[in-house]
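In what follows, chains carry the letters A, B, and so on, assigned in the order in which the sequence lines appear, proteins first and then strands, with residues in each chain numbered from 1. The figures that follow rest on heavy atoms only: side chains count, while hydrogens, waters and symmetry mates do not.
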There are 2 protein chains.
Amino acid sequence: MGLAKTEMFTDHQNEISLFAKVFGHPARVAILQQLFKIDACYCGDLVNEIGLAQPTISQHLKELKHLGLIKGNVEGTSVCYCIHKENWTAMKTVMFEFLNQDLTQKQDCC
Amino acid sequence: MGLAKTEMFTDHQNEISLFAKVFGHPARVAILQQLFKIDACYCGDLVNEIGLAQPTISQHLKELKHLGLIKGNVEGTSVCYCIHKENWTAMKTVMFEFLNQDLTQKQDCC
DNA sequence: AATATTAATCGTAATATTGCAATGAACTAA
DNA sequence: TTAGTTCATTGCAATATTACGATTAATATT
């Protein structure tokens with residue numbers, strides 16, 4: 001079908017998968033790494049840095065913004081993007097809890 | 001196109017996105033949570049627990065196995081799955097480094 | 001006003017993903 | 001052997017994602 005049956009899963013499971021999904025494309029990983037690296041973070045800079053077309057970068061930025069992980073500030077004709085610190089930290093809490101599930105108690109059945 | 005231009009990105013960026021992608025579906029999140037929770041982790045149990053059809057669960061398991069995050073052990077007609085501890089730990093290192101990038105030094109440009 | 005710059009949006013083509021019925025493969029039990 | 005169990009694979013339909021050319025909107029510059 002191509003359609004995840006989200007109603008079958010908990011809100012928590014859906015939240016984890018939504019965060020993970022946005023990291024599931026190397027362009028968005030590259031955008032985020034660049035935003036962590038530099039202070040001036042204009043859309044055009046990201047286009048030059050990453051090498052995808054402007055509409056493509058703009059689309060990836062939109063997804064990151066939609067999840068609240070970045071925010072954009074209009075400065076004349078430019079738009080300056082940066083990490084949304086509070087939301088990034090909140091996302092980390094969710095992802096860390098998932099990734100850090102206890103392995104030490106597990107029997108290795110295989 | 002629907003096709004990520006992976007050759008434009010570093011191996012590290014592609015690695016992060018591949019791990020994230022596999023967590024980008026709630027069914028796979030649910031499967032992994034179940035494998036962390038229980039010791040007996042047969043495919044049929046996962047089908048009952050999660051509620052998707054058996055071929056669908058089998059397909060998700062295949063993707064998790066392909067990335068090395070789980071392993072399966074054939075026991076007669078059943079297959080017992082569990083977390084691949086070493087690979088899970090290695091994956092965590094990669095994901096933590098990405099998620100833990102330093103925010104304290106950042107100017108908030110927005 | 002006319003032109004230039006920057007980035008968002010629209011439309012569309014190509015590819016990927018999800019889900020499942022049907023089937024097949026491997027083993028078990030009678 | 002025959003029937004049953006368990007899970008993988010195949011094939012297909014529906015939907016999602018990715019990428020970009022063309023355009024638009026907003027602002028800046030001359």
Whole-Å distance separating the OH atom of A:Y42 from the P atom of C:dT5: 18 Å

Distance in angstrom units between A:D45 CG and C:dT6 P, rounded: 10 Å

Nucleotide nearest B:K62 when distance is taken to its side chain, options D:dT9, D:dA8, C:dA8: D:dT9

base_contact_polar (C:dA8 base, A:Q54 side chain, donor-acceptor, <3.5 Å): yes

Length of the CD1-C1' vector between A:I57 and D:dG21, whole Å: 16 Å

Rounded distance in Å - CG (A:N73) to P (D:dT27): 13 Å

Distance test, side-chain N/O of B:H60 to OP1/OP2 of C:dT17, below 4.0 Å: no

Whole-Å distance separating the CG atom of A:L18 from the P atom of D:dT17: 10 Å

Validation row: A:Q34, A:I50 side chains within 4.5 angstrom (heavy atoms): no

Pairs flagged by salt bridge (Lys or Arg N to Asp or Glu O under 4.0 Å) wherever residues 16-28 of chain A is involved - sequence neighbours left out: A:R28-A:E63

Between C:dA7 (P) and A:L46 (CG): distance, integer Å: 9 Å

Any B:F98 side-chain heavy atom under 4.5 Å of B:H12 side chain: no

Heavy-atom pair of closest approach, residues B:V47 and B:L52: CG1-O, 3.5 Å

Minimum-distance nucleotide to A:P55 side chain [options: D:dA16, C:dC10, D:dA19]: C:dC10

A:I50 CD1 - D:dC20 C1' separation (whole Å): 16 Å

Closest to side chain of A:T77, choosing from D:dC7, C:dG19, C:dT6: C:dT6

Along DNA chain D (nearest heavy atom to each residue), the more 5'-positioned of B:C43 and B:Q59: B:C43

Under 3.5 Å on both distances, the Watson-Crick or G-U partner of D:dT30: C:dA1

N or O in side chain of B:K5 less than 4.0 angstrom from D:dC20 OP1/OP2: yes

Rounded distance (Å) that lies between atom C1' of D:dC7 and atom CD1 of B:I70: 13 Å

Sugar-phosphate, base or nothing in reach of B:L52, heavy atoms under 4.0 Å: sugar-phosphate

Comparing A:L3 and B:V74 on DNA chain C - which has the more 5′ nearest nucleotide: A:L3

A:F19 ring center within less than 6.0 Å of B:F23 ring center: no

OP1 or OP2 of D:dA8 under 4.0 Å from side-chain N/O of B:S58: yes

B:L103 side chain reached by A:W88 side chain, heavy atoms, under 4.5 Å: yes

Distance below 4.0 Å between A:K21 side-chain N/O and D:dT17 OP1 or OP2: yes

Any B:T56 side-chain nitrogen or oxygen under 4.0 Å from OP1 or OP2 of C:dC20: yes

Among D:dA28, D:dC7, D:dC20, the nucleotide that comes nearest once only the side chain of B:V79 is considered: D:dC7

